[in-house]
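Heads up: the structure comes next, in structure tokens.
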Amino acid sequence: MENLEEIAIFTTKASIICVFRTFTPFLDQIFPDSCQKIPPCSEYRRFLLPRLTIFAIIIPRTVQPVQNLQTGRHGRGRVSCANLKKGGPHLAVSEGGQMTIAEERSRISGGPQHGLTADAYRSEEIWQQECQTILAKNWVFIGFAHQIAEPGDANPVTCAGLPLLTVRGRDGTIQVFHNVCLHRCMTLVDKPKNVGKLIRCPYHAWAYDLDGRLRAAPHFAGTGKQEFEGFDLRQHRLRQVRTHVWHDWIFVNLDGEAAAFEDYAAPLISRLEGMDFTKIEPIGLLDFGEINTNWKLIMENFIEPYHVQFVHASTTDQPLEDHYTIIDGNCIGSAVDLKEEIGTSGSLGVSSRYLTLYPNFILGRYFPDQLGVYLNVPIGPGRMRQYRALYTTEGQHLSAEEIQGLRNLWWDVHKEDHEMVERMFEGRRSPVAWDGGLLSPAWEDSVRAFQDLIERDLASDSNGKEKVDG
Ligand code: FES
Ligand SMILES: [Fe+2]
């Protein structure tokens with residue numbers, strides 16, 4: 001009788017028999033034949049006490065968590081924000097004498113905080129919530145202005161799963177439209193290109209100017225006729241998205257309700273004091289393609305300096321003890337102040353600022369004269385895309401060889417990180433990850449601050465759909 005189920009059945013039976021036996025003197029007289037068939041009480045009692053003790057210890061620790069793991073949910077099957085709270089459902093299986101997470105947590109009460117539960121990274125439902133809240137309410141980074149340098153340049157991008165189109169107008173300004181034709185709602189542009197003076201839909205040749213105004217709807221009203229009563233070309237234009245271009249970086253706010261960008265980004269902007277943005281020059285763009293992870297893991301990885309000494313041992317020379325974390329509203333990250341630059345050729349060993357603007361903008365400043373900006377494009381719960389733009393900040397001239405050296409260095413650094421975040425995503429298949437892991441109070445309080453913003457937004461009301469400006 002070693003297995004848990006047998007012990008449970010036996011203990012239940014024994015309890016019933018003992019109660020039954022209490023009344024035996026009366027029952028023996030009433031049902032003499034039946035009572036003779038019941039085994040003596042002492043046989044059960046011999047097992048009862050030790051089994052009851054085992055039962056009392058094991059059942060609460062094992063049975064309940066298994067139920068949680070099977071359903072993967074609290075409550076009524078709907079993934080709610082409560083699932084994202086620190087210390088959500090947890091595994092408490094004791095194996096090989098190791099301390100369970102529940103035990104560990106109580107042992108270190110007041111110790112490390114927990115991260116977001118696995119659902120926050122893997123659930124399709126939470127991804128949909130993110131699209132309606134985090135990625136709709138905030139200023140989301142979607143592209144580099146230098147990618148559309150000339151009038152007529154157009155670049156299709158996505159934000160919160162929506163197809164958008166960044167366009168450089170004839171006057172040099174940048175506008176962002178929903179990349180959808182007004183006729184039959186086909187996506188208008190499917191790859192970066194110069195569209196000339198008109199954005200022409202390939203399906204029935206409706207054409208829009210660079211400000212989004214509908215200029216042609218050939219034969220829409222019959223051969224050679226476009227307009228008719230109730231349909232006036234001038235009444236129609238591509239739907240615009242609230243846009244802010246900050247230096248080389250294009251942001252959108254889908255619901256149109258976020259604070260003015262300068263206020264929203266003030267904590268980040270204040271940390272870039274002394275930078276002459278007129279001297280910033282893009283010298284390269286790395287396209288890492290799709291990465292099999294959740295976009296938040298990439299953000300968290302950048303925010304914490306804890307992993308640098310281990311993951312980037314061959315590419316960086318930045319001692320952990322010289323780092324500190326930064327938590328200031330929408331700007332979260334870390335920094336390292338080195339007394340002297342210790343980098344060797346092909347590695348990074350300089351004072352740096354690793355700054356993010358919630359939710360997906362990343363800026364790395366490397367003193368004295370380099371800047372890197374990451375474009376992190378969330379695509380789904382387990383898919384994202386990443387680019388890195390390299391900049392000089394002092395107008396210095398770099399040779400092609402030097403630029404290639406920088407490209408190689410950053411390619412390697414990012415690849416080191418990608419392996420980690422893909423494996424972090426895999427790890428979140430396990431019930432162990434329901435707990436959200438443990439966060440260092442010294443190096444990952446910044447990660448927790450990022451996660452607090454995620455929880456805040458997921459708990460907020462969504463408008464149900466993004467605002468579409470006419
Ligand atoms: S769908 Fe664009 S012209 Fe018909
Ligand atoms: Fe890293």
* Structure fact -> Closest non-hydrogen atoms of Val241 and Val252, given as atom of the first, atom of the second and distance, are CG1-CB, 3.7 Å
* **Among Lys197, Arg215, Arg170, the one residue meeting salt bridge (Lys or Arg N to Asp or Glu O under 4.0 Å) with Asp209** => Arg215
* Asked: Under 3.5 Å, is there a donor-acceptor pair linking the side chains of Gln129 and Glu125?
  -> no
* To do: Would you kindly say whether Tyr121 and Glu300 are connected by a side-chain donor-acceptor distance under 3.5 Å?
  => yes
* To do: Identify the heavy atoms of Val373 and Phe361 that sit nearest to each other, and give their distance.
  => CG1-CE1, 3.5 Å
* Does the side chain to side chain contact (heavy atoms under 4.5 Å, CB included) test come out yes or no for Arg237 and Asp211, once each step is laid out? -> CA-CA 8 Å; Arg237 63 187 304 167; Asp211 290 321; 3.9 Å; yes
* Only counting residues at least two apart or in another chain, list the ones meeting side chain to side chain donor-acceptor pair (under 3.5 Å) with Glu402. => Ser399
* Relative to the ring of Tyr366, is the ring of Trp410 parallel (under 30°), tilted (30 to 60°) or perpendicular (over 60°)? -> tilted
* How about Trp295 and Gln386: does a side-chain donor come under 3.5 Å of a side-chain acceptor? -> no
* **Positive for ring-ring contact (aromatic ring centres under 6.0 Å, His included) with His183, one of His236, His204, His219** => His204
* To do: Answer yes or no: is there an ion pair linking Glu290 with Arg385, defined by an N-O contact shorter than 4.0 Å?
  => no
* In terms of ring plane angle, is the pair Phe450 and Tyr358 parallel, tilted or perpendicular, where the classes change at 30° and 60°? -> perpendicular
* Asked: Can you pull the side chain to side chain donor-acceptor pair (under 3.5 Å) pairs that have at least one residue in residues 277-286, sequence neighbours excluded?
  -> Asp276-Thr278
* Given Tyr264, Phe251, Phe261, the one that forms ring-ring contact (aromatic ring centres under 6.0 Å, His included) with His244 -> Phe261
* Parallel, tilted or perpendicular: which fits the ring planes of Phe141 and Phe144, with parallel below 30° and perpendicular above 60°? -> perpendicular
* To do: Report yes or no: does Asn330 contribute a side-chain atom to a donor-acceptor pair with the main-chain N or O of Ala265 at less than 3.5 Å?
  => no
* Do His312 and Asp412 get their side chains close enough for a donor-acceptor pair, meaning under 3.5 Å? -> no
* Asked: Less than 4.0 Å between a side-chain N and a carboxylate O, is that true for Asp337 and Arg353?
  -> yes
* Angle class for the Trp206/Tyr208 ring planes (parallel below 30°, perpendicular above 60°, tilted otherwise)? -> tilted
* **Basic-acidic side-chain contact under 4.0 Å: Glu419, Arg423** => yes
